Amino acid sequence: MTDQKKLRAGVIGLGWAGQQHMQAYFDAPDVELVALAGMEAEKLAELSEKYGVQRQYADWESLVKDGEVDVVSIATPTALHAPITVGALNAGIHVLSEKPMAESGAAAESMVAAAKANDRVLDVSFNHRQRGQVTALKEIIDTGLLGQIYYAKAGWLRRQGIPGLGTWFTRASLAGGGAMMDIGVHMLDMALHLLDNPQVTSATAATYAEFGPRGRGGSAYGPRANVDTEVEFEVEDLSTAFLRLDGGGTLLLESSWAQWIPYDQCYVTLYGSEGGASIEWGGWGVEPYQRLNVWTEVNGIPAELQPIVPEHGHHEASVLQFIAKVQSGDFAAHRGEEALIRAQVLDAIYASAAKGSEVTL
Ligand SMILES: NC(=O)c1ccc[n+]([C@@H]2O[C@H](COP(=O)([O-])OP(=O)(O)OC[C@H]3O[C@@H](n4cnc5c(N)ncnc54)[C@H](O)[C@@H]3O)[C@@H](O)[C@H]2O)c1
């Protein structure tokens, strides 16, 4: 029987992302995972059995209409995030959406508007922000050790990692974009978070699709690795962007699903007036690695610091933070507005790439 003191949680979407949310709700105290929705009947039955979930739905509308959940995670193709979020918020349900928030700034805006209109929490899961390197570096920055950070570089570069080659991931109307929308957005979010959320004032960007259209560059882990034949590929597999920030700072961002590089690399590098810092992690072709380094001076002596890094919090931490926001009762402080800004920056990046010149925000 449902314990009414516990928050009742639902998850929409049964893929890798949805399963991270299921596990996190299942493990969370004060929460009961009560409902799942997704179109793969067998997987729905299997996951419902694994988590002891009674309420199972083939479509999101039925879960939302059911009225038996207080909070819901959305892990569907990106273009469904906005309609599901708005539907759930209108039904009085607090929402945690997977990244990217939506396929466009306008769609993201409709989500924030619905959160405000219904006085509910809207949160977006940027799980890579839960990395110990990010938590540790943020604390270091907040002490002032780096001084004024005036330049930053961030990137997520995969050698061969187009997710679902030829599936919704590579269709513009469902995904909204390619590598930058899918994984670059994590690094954009991380960099802006570390820089203390300066306003992005303009974007100059370019996009390329050299692998996907030829059926090359498919994720080695997924069901569609290299297929070596033409596939529906309407998005980019590499994007680069130069962002101007309020106050004169700049951020150089790059992201690839596939390109000829030795191994997968993720990084944020910060250049400050009193010190510099770098977060790096990667793998695929090399031993997985992760590093956090800080360069500064101690009493005039050039120094390199290797701070102790806490554990990666993964999706579990994102879900727990969302639950804490709901439990805080201060819904007005959590309307997804920070994520909306990420969506608007992505709009500007794609608009600049299409136009071939700078776009102001
Ligand atoms: N944060 C991360 O680390 C991470 C990793 C992977 C994916 N994601 C994000 O999560 C989302 C899902 O990605 P995925 O790889 O799990 O996708 P997926 O294609 O594996 O799964 C999508 C799920 O959505 C369900 N779905 C589609 N239409 C539906 C409907 N009308 N009603 C109910 N369910 C419906 C499908 O049945 C499927 O179970 C995407 O937005 C993606 O960007 C995030």
Side-chain angles (χ1 to χ4, degrees), residues 10-24 35-48 53 55-66 69 72-88 95-104 107-108 111 123-131 134 156 158 161-171 173-190 218-219 221-224 235 255 257 264 266 281 312-319 321-322 339 342-343 346:
V11 176
I12 301 172
L14 310 174
W16 185 86
Q19 291 179 41
Q20 308 312 302
H21 291 254
M22 290 172 207
Q23 188 66 48
L36 298 180
M39 300 190 312
E40 301 79 12
E42 226 173 274
K43 212 173 187 188
L44 181 61
E46 187 192 305
L47 290 165
S48 297
V53 169
R55 297 174 181 280
Q56 302 161 30
Y57 305 97
D59 63 279
W60 68 268
E61 283 102 333
S62 309
L63 183 147
V64 163
K65 270 194 212 133
D66 182 312
V69 300
V72 72
S73 280
I74 299 170
T76 60
T78 299
L80 284 172
H81 292 183
I84 301 178
T85 295
V86 172
V95 171
L96 174 60
S97 170
E98 257 305 330
K99 54 45 68 179
M101 184 174 191
E103 73 282 13
S104 68
M111 297 160 76
D123 204 0
V124 177
S125 175
F126 283 111
N127 50 303
H128 286 282
R129 217 200 257 195
Q130 310 297 342
R131 289 183 167 270
V134 180
W156 185 328
R158 283 188 187 153
I162 301 176
L165 192 55
T167 70
W168 71 265
F169 268 106
T170 61
R171 298 219 180 97
S173 62
L174 290 170
M180 185 61 84
M181 179 70 76
D182 180 39
I183 51 179
V185 69
H186 279 296
M187 309 316 290
L188 171 66
D189 173 70
M190 200 178 287
S219 167
Y221 310 109
R224 305 286 302 270
V235 294
S255 181
W257 271 342
D264 290 6
C266 300
W281 78 92
H312 188 343
H314 295 280
H315 272 84
E316 188 187 354
S318 297
V319 167
Q321 283 176 4
F322 165 60
R342 284 33 174 174
L346 288 175

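Counting convention: from 1, in listed order, for ligands and their atoms alike. Not measured: the values here are computed from a predicted model.
Residue, atom and distance of the protein heavy atom nearest to atom 25 (C) of ligand 1 are Gly13 CA, 3.9 Å. Protein heavy atom at the shortest distance from atom 40 (C) of ligand 1 is Thr76 O, 3.4 Å. In this structure, atom 34 (N) of ligand 1 lies nearest to the protein heavy atom Gly38 CA, 3.6 Å. Among protein heavy atoms, the minimum distance from atom 27 (C) of ligand 1 is reached at Pro77 CD, 3.6 Å. Here the protein heavy atom with the shortest distance to atom 8 (N) of ligand 1 is Ala17 CB, 3.6 Å. Summary of contacts: the protein heavy atom closest to atom 19 (O) of ligand 1 is Trp168 NE1, 2.8 Å. Among all protein heavy atoms, the one lying closest to atom 3 (O) of ligand 1 is Asn127 ND2, 3.3 Å.
Within the 4.5 Å cutoff, side-chain heavy atoms of Met111 are placed close to those of Ser97. Counting only heavy atoms from C-beta outward, the side chains of Gln20 and Asn127 never approach each other to under 4.5 Å. Looking at Thr170 and Trp257, their side chains come closer than 4.5 Å, going by heavy atoms from C-beta outward. Between Lys99 and His128 the shortest side-chain heavy-atom distance does not fall below 4.5 Å.
The CD atom of Glu103 lies 9.0 Å from the CG atom of Leu80; values are rounded to the nearest 0.5 Å. Rounded to the nearest 0.5 Å, atoms CG (Asp182) and CG (Leu346) are 11.0 Å apart. Taken from CD1 in Ile74 to OG1 in Thr85, the straight-line distance is 3.5 Å, to the nearest 0.5 Å. In this structure, Leu63 CG and Ile84 CD1 are separated by 9.5 Å, a value rounded to the nearest 0.5 Å. Rounded to the nearest 0.5 angstrom, Leu36 CG and Arg55 CZ are separated by 12.0 Å. Trp156 CH2 to Ser255 OG: the interatomic distance, rounded to the nearest 0.5 Å, is 8.5 Å.
Atoms of ligand 1 lying under 4.0 Å from at least one heavy atom of Gly15, given by number and element, are 16 (O), 20 (O), 21 (O), 39 (O). Remark: ligand 1 atoms within the under-4.0 Å shell around heavy atoms of His315 are 1 (N), 2 (C), 3 (O). Close contacts between ligand 1 and Ala75 involve ligand atoms 11 (C), 12 (C), 22 (C), 23 (C), 24 (O) [criterion: under 4.0 Å to a heavy atom]. Residue contact check: His81 has heavy atoms under 4.0 Å from atoms 41 (O) of ligand 1.
Using 4.0 Å as the threshold, Pro100 has a heavy atom nearer than that to some atom of ligand 1. Residue contact check for ligand 1: Phe126 places no non-hydrogen atom closer than 4.0 Å to it. Taking 4.0 Å as the cut-off, Lys43 does not count as a neighbour of ligand 1 on heavy-atom distance. Between Gln19 and ligand 1 there is no heavy-atom distance shorter than 4.0 Å.
Heavy atoms of Leu80 found under 4.0 angstrom from ligand 1 belong exclusively to the side chain. Only side-chain heavy atoms of Glu98 come within less than 4.0 Å of ligand 1; its backbone N, CA, C and O stay farther off. Residue contacts with ligand 1 for Ile12 involve side-chain atoms from C-beta outward but no N, CA, C or O (heavy atoms, distance under 4.0 Å). Both the backbone and the side chain of Lys99 come within 4.0 Å of ligand 1, counting heavy atoms alone. With a 4.0 Å cut-off on non-hydrogen atoms, Leu14 touches ligand 1 through its backbone as well as its side chain.
In this comparison of Phe169, Trp60, Trp16, the heavy atom closest to atom 32 (N) of ligand 1 sits on Trp60. Proximity annotation for atom 38 (C) of ligand 1: of Met39, Met101, Gln20, Glu40, Glu40 comes nearest, heavy atoms only.
Judged by distance alone, the side chain of Arg171 and the main-chain N or O of Gly166 form a donor-acceptor pair under 3.5 Å. With hydrogens and angles disregarded, no donor-acceptor distance shorter than 3.5 Å links the side chain of His186 to the backbone of Phe126.
A donor and an acceptor atom, one from each side chain of His21 and Glu98, are located under 3.5 Å apart.
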